[in-house]
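Notes to accompany the following structure.
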Amino acid sequence: MLRALMLLLLLTLLSGAARADDMRPGYLEVRETLPLRYAITWKAPTKVGKVVPSFPADCKTTSELHRSFEDAALLTRWSIACARSLAGRKVRLSGLESTVGEALLRYQPLQGAIQAARLTPVNPSTIIATRPERSHVARTYFVTGVEHILTGYDHLLFVLSLVLLLNGAWRIAATVTAFTIAHSLTLVATTLKLISLPRAPVEAVIALSIVFLAVEIVKRDPDSPRLSERIPWVVAFLFGLLHGFGFAGALAEIGLPEGEVPTALLTFNLGVEAGQLIIVTAALAVLFILRRFSYSVLRPAQTLAAYAIGITASAWLIERIIRA
């Protein structure tokens with residue numbers, strides 16, 4: 001029974017690897033350039049399918065569509081003119097309801113606060129607020145951060161591997177904190193354009209970091225602690241610096257609202273930390289139950305989970321090296 005469950009986990013993780021690009025969010029920017037005139041930017045992941053922005057019937061296209069490819073996404077820019085302001089009216093992503101993706105809408109009026117909203121298959125449209133709350137940007141980027149860590153399988157598996165490798169809640173907490181500090185540093189520095197690294201090798205090394213932890217779990221010996229067990233916070237900090245570049249890449253794909261960069265950056269990072277807390281809490285709860293009610297299967301379950309994680313991360317590593 002245990003082996004069957006772990007096999008199911010392996011297949012689930014592998015399927016996650018296959019659809020990782022499908023989870024990449026879209027980004028729709030609506031920027032008012034003149035009264036009732038808007039510049040539209042629509043960045044659509046190429047694997048999501050045909051999803052197009054839809055505006056009120058009185059809005060007419062006033063320029064040619066300029067298309068280009070950028071980071072595995074189709075970038076389209078054009079302009080529209082409307083008989084009435086978009087404030088208080090609906091903007092929709094037609095076709096999003098038939099996909100598994102989501103998108104972030106950023107609306108920038110000539111005057112007033114920038115607005116942000118998440119569009120999902122369940123709620124593919126939103127009404128532009130006439131009097132926006134400043135908390136809109138914070139709430140949207142916080143939720144985006146939570147979802148990124150929960151659906152960003154490489155970061156999720158890294159945190160899960162730390163929990164499987166270490167014993168003791170405080171030891172795990174200290175290690176995850178070191179990982180958090182490190183990726184927060186590079187996330188901020190990269191987003192503010194203080195430092196940068198090529199995306200392809202960073203993604204490959206992130207996959208390699210997960211393979212490393214999976215091997216450490218399998219080879220763990222209580223009588224001879226390995227490097228990752230003796231100084232786990234150092235290992236987590238060093239790899240966290242690289243994972244921060246990955247988080248920054250996700251933010252770059254989504255985009256940051258001008259004038260609200262500190263708020264968006266802070267709340268996105270807080271959302272990532274909240275997502276990590278969910279992962280750690282859930283993993284510790286499962287391990288606690290195994291120790292309490294079925295201690296004999298705890299070690300085999302951890303080993304099988306490590307193999308599942310290692311195989312998945314190895315597949316990512318090979319794919320990313322080839323793609324680079």
Side-chain angles (χ1 to χ4, degrees), residues 23-46 48-68 70 73-148 251-265 267-268 271:
M23 298 302 296
R24 182 174 295 167
Y27 175 67
L28 174 61
E29 179 183 80
V30 180
R31 180 170 55 88
E32 190 173 16
T33 55
L34 294 169
L36 308 182
R37 301 291 188 272
Y38 302 89
I40 311 299
T41 301
W42 169 228
K43 188 174 184 179
T46 54
V48 166
K50 189 173 183 180
V51 178
V52 295
S54 176
F55 300 96
D58 60 279
C59 295
K60 307 299 181 183
T61 300
T62 59
S63 71
E64 294 183 356
L65 273 63
H66 300 278
R67 293 187 173 93
S68 61
E70 181 179 310
L74 177 61
L75 191 64
T76 307
R77 292 187 174 93
W78 71 101
S79 299
I80 62 173
C82 302
R84 295 165 44 206
S85 171
L86 286 176
R89 306 171 75 190
K90 182 182 293 187
V91 174
R92 179 183 179 86
L93 282 179
S94 299
L96 187 65
E97 63 275 10
S98 302
T99 73
V100 295
E102 61 179 45
L104 186 73
L105 166 67
R106 174 179 177 270
Y107 174 74
Q108 179 179 348
L110 279 175
Q111 297 180 337
I114 294 172
Q115 300 182 47
R118 288 173 58 253
L119 303 179
T120 66
V122 177
N123 295 300
S125 64
T126 189
I127 294 178
I128 304 296
T130 53
R131 294 184 178 180
E133 301 175 3
R134 296 190 65 85
S135 62
H136 279 180
V137 170
R139 183 168 57 249
T140 298
Y141 277 85
F142 178 84
V143 173
T144 302
V146 173
E147 291 192 341
H148 179 72
L251 261 187
E253 291 171 356
I254 297 169
L256 286 170
E258 296 179 9
E260 297 286 349
V261 171
T263 299
L265 187 57
T267 52
F268 177 83

### Task
Locate the shortest heavy-atom distance separating P53 from W78; write the atom from each residue and the value.
CG-CH2, 3.7 Å

### Query
Closest approach of E32 and P109, non-hydrogen atoms and distance?
OE1-CA, 3.6 Å

## Note on the structure
dist T130:OG1 -> L86:CG (nearest 0.5 Å) comes out at 12.5 Å

#### Entry: L28 side chain near V91 side chain, heavy-atom distance below 4.5 Å
yes

#### Entry: Nearest-0.5 Å distance that lies between atom SG in C59 and atom CZ in R37
10.0 Å

#### Entry: Straight-line distance of I40 CD1 to R31 CZ, nearest 0.5 Å
9.5 Å

### Query
Is the shortest heavy-atom distance from the side chain of Y141 to the side chain of L265 under 4.5 Å?
no

### Task
On the 0 to 90° scale, with breaks at 30° and 60°, tag the Y38-Y107 ring pair as parallel, tilted or perpendicular.
tilted

### Summary
For R89, the salt bridge (Lys or Arg N to Asp or Glu O under 4.0 Å) test, sequence neighbours excluded, returns D58

### Task
With rounding to the nearest 0.5 Å, note down the distance linking OG1 in T120 to CD in E97.
10.5 Å

#### Entry: Smallest separation among heavy atoms of A83 and L36, with atom names
O-CD1, 3.6 Å

#### Entry: Closest non-hydrogen atom pair between T99 and L96, with its separation
OG1-O, 2.9 Å

### Message
Could you report the tightest heavy-atom contact between A103 and L93, atom names first, then the distance?
### Response
CB-CD1, 3.4 Å

### Task
Taking all non-hydrogen atoms of both residues into account, name the closest pair between C82 and I80 and its distance.
SG-CD1, 4.0 Å

### Query
With distance as the sole test, does E29 use its side chain to make a donor-acceptor pair with the main-chain N or O of R106 at under 3.5 Å?
no

### Message
What's the separation between atom NZ in K43 and atom OG1 in T76, rounded to the nearest 0.5 Å?
### Response
12.0 Å

### Task
State the OG-CG distance between S68 and L74, to the nearest 0.5 angstrom.
7.5 Å

